Amino acid sequence: MNEAQLAAELAFQEGWKDGGLEGELVPRGPFRFSAALAYMGRSENECLFYVDQDQDRVCKWIEAGGERVLVEIFGGPEDRTVRLRFLDEAAHGNPQTRLAAARYVWEWFDLGTDLDAFYQLAESDLLLGPLTQRFYGLRCIGIPDLFEALCWAILGQQINLAFAYTLKRRFVESYGASMAWDGRTYWTFPTPETIAGLSVADLTPLQLTSKKAEYVLETAARMADGRLTKEHLLSLADAQAVERELTAIRGIGPWTAHYVMMRCLRLPSAFPAGDVGLQNAVKHLFGMDSKPTPVELQRLAAGWSGFEAYATFYLWRVLY
DNA sequence: AACCAGGCTGCTA
DNA sequence: TAGCAGCATGGT
C-alpha cells in the first residue's frame, strides 16, 4: 500500500462507526445524501441496486470480504452522513463483514474526497461555479468493482444510456447471482470467471454486437487469469501509465480507459475528453449551437487541472 | 422516420 | 498522424 492509499484507509477508519445492526459513515467535507440518491435514481432500469425514492433509501446486495450482504443505505442527521442497515443475518454477528461492506459503500459514494478544494476551484469557473451550488454535496458515485466498471463502459460505447441499461440488465440477469428479499430480486455482477467461460454466441442474443461481445470476453479472460487487476492498476506510477495499460486491451480506447479511471480507480485527473455527453452538457450550458470539439473541451479543462473527474461528473449531472 | 447515442478498430493516404 | 467507414441497434 502506498502513502495515498494508506491515508485513504485511515480516513475510512475514522469515518466508519460500527453499531452492530446499523452503522454510520461520516464523510470528509461537504456532502448531501439526497444528492447521491437523486443521481442514483436516474434509471428505472438499474439492476444492481434498488432506489426507493419515497423512502429516501437505496438497497444493494453487496459483495464484500468474500461474502454477500444485503444493505439498506439511507441518510443520517441533516442529510450529512450515510447510514447502513444490515438486513440479512450474514452480517449480524460478523464485524469483518460489516467492515468490508462499509468500505465498499465508502468507496462507492467517494466519501473520502474532501470537496472543498474542488468547490474552491469551481468558484472562479464560469461553467462549474453554478453547478457546485446546484448539486452541492454531490459525490462522484463510483463503480468499485473493476470488471463491472469495464463491462459497463464497454456496453455503453456509442449507444444511448437507456439501451446501455437494458444491455446491462440482460447481462446481469443471464450470468449474475441473485437473491430474493421482501418481494424484490437483488443481483450481483457476473464474475470474470463466469464470463471468461462463454463464447461470442452466448452474448449476441443479449443484443451486444459481436465486437462488444469479443471485448467483454477478452476483458474477462484477462481478469480471470490475473493479468489485469485493480490493485496492479492502482500501483502504477501515474494516470498515463494506467491509460497505456488499459488501452492495450482490444476494445478499450481512451474514452473507456478514462471512464474507468474516473469511476473505479478514482484518479482525479481522469477526463473522457471525447465523451458525447460531456460535449452536450457544455453545449447546453453555454447555449452553443453546435457541440464543442474535443480540442475545445481540452482547452476548457485546462482550468480544471487535478479535478477533471469531478468536473466531468458534475457536467454529466446536468443532463440526467 | 431520420438521426443520434456517455466509441473503437482497422484501413487509407 | 489524421481522417473515415463500418459496426449494428434501440430511443426519441
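A, B, ... follow the sequence lines: proteins, then strands. Residue 1 opens every chain. Since the structure is predicted, the reported quantities are computational estimates derived from the model, not experimental observations.
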TODO: Go through the structure and list residues passing side chain to side chain contact (heavy atoms under 4.5 Å, CB included) with A:P294, not counting sequence neighbours.
DONE: A:Q279
Task: Strand contacts (DNA chain B) in residues 240-251 of chain A, 4.0 angstrom heavy-atom criterion - done: A:I249, A:R250, A:G251
Task: Set of ring-ring contact (aromatic ring centres under 6.0 Å, His included) partners for A:F135, sequence neighbours left out - done: none
Open item on the list: Measuring centre to centre across the rings, with the benzene-like ring taken for any Trp, is A:F189 within less than 6.0 Å of A:F171?
Closed with: yes
Task: Residues in side chain to side chain contact (heavy atoms under 4.5 Å, CB included) contact with A:D289, at least two apart in sequence or another chain - done: none
Open item on the list: Expected output check: what is the dot-bracket annotation of DNA chain C, where ( ) and [ ] are pairs inside the strand (brackets for crossing ones), | is paired with another strand, and pairs are Watson-Crick or G-U under 3.5 Å?
Closed with: |||||||.||||
TODO: Just jot down the side chain to side chain contact (heavy atoms under 4.5 Å, CB included) partners of A:A224, sequence neighbours excluded, or say none.
DONE: A:P192, A:E193, A:A196
- [ ] Enumerate the residues from residues 295-307 of chain A whose closest heavy atom to DNA chain B is under 4.0 Å, giving them by residue number; use none for an empty result.
- [x] none
Task: For A:W61, the rest of its hydrophobic cluster, which grows through side-chain links under 4.5 angstrom - done: A:Y50, A:L70, A:L87, A:M179, A:W181, A:Y186
Open item on the list: My understanding is that only residues two or more places apart in sequence, or in another chain, count here; which of them pass ring-ring contact (aromatic ring centres under 6.0 Å, His included) with A:W106?
Closed with: A:F12
Distances for protein N or O near nucleotides 7-11 of chain C N or O, under 3.5 Å:
from   : atom 1 : to     : atom 2 : distance (Å)
C:dA8  : OP1    : A:S210 : OG     : 2.8
C:dG10 : OP1    : A:Q207 : NE2    : 2.9
C:dG10 : N2     : A:N160 : ND2    : 3.0
C:dG10 : N3     : A:N160 : ND2    : 3.3
C:dG11 : O4'    : A:N160 : ND2    : 3.0

Task: Those residues that, when tested against A:Q207, pass side chain to side chain contact (heavy atoms under 4.5 Å, CB included) (two or more places apart) - done: A:F163, A:L167, A:R170
TODO: Any side-chain hydrogen bond (donor to acceptor under 3.5 Å, both in side chains) involving residues 120-133 of chain A? Give me the pairs, sequence neighbours left out, ordered by first then second residue.
DONE: A:D125-A:W304
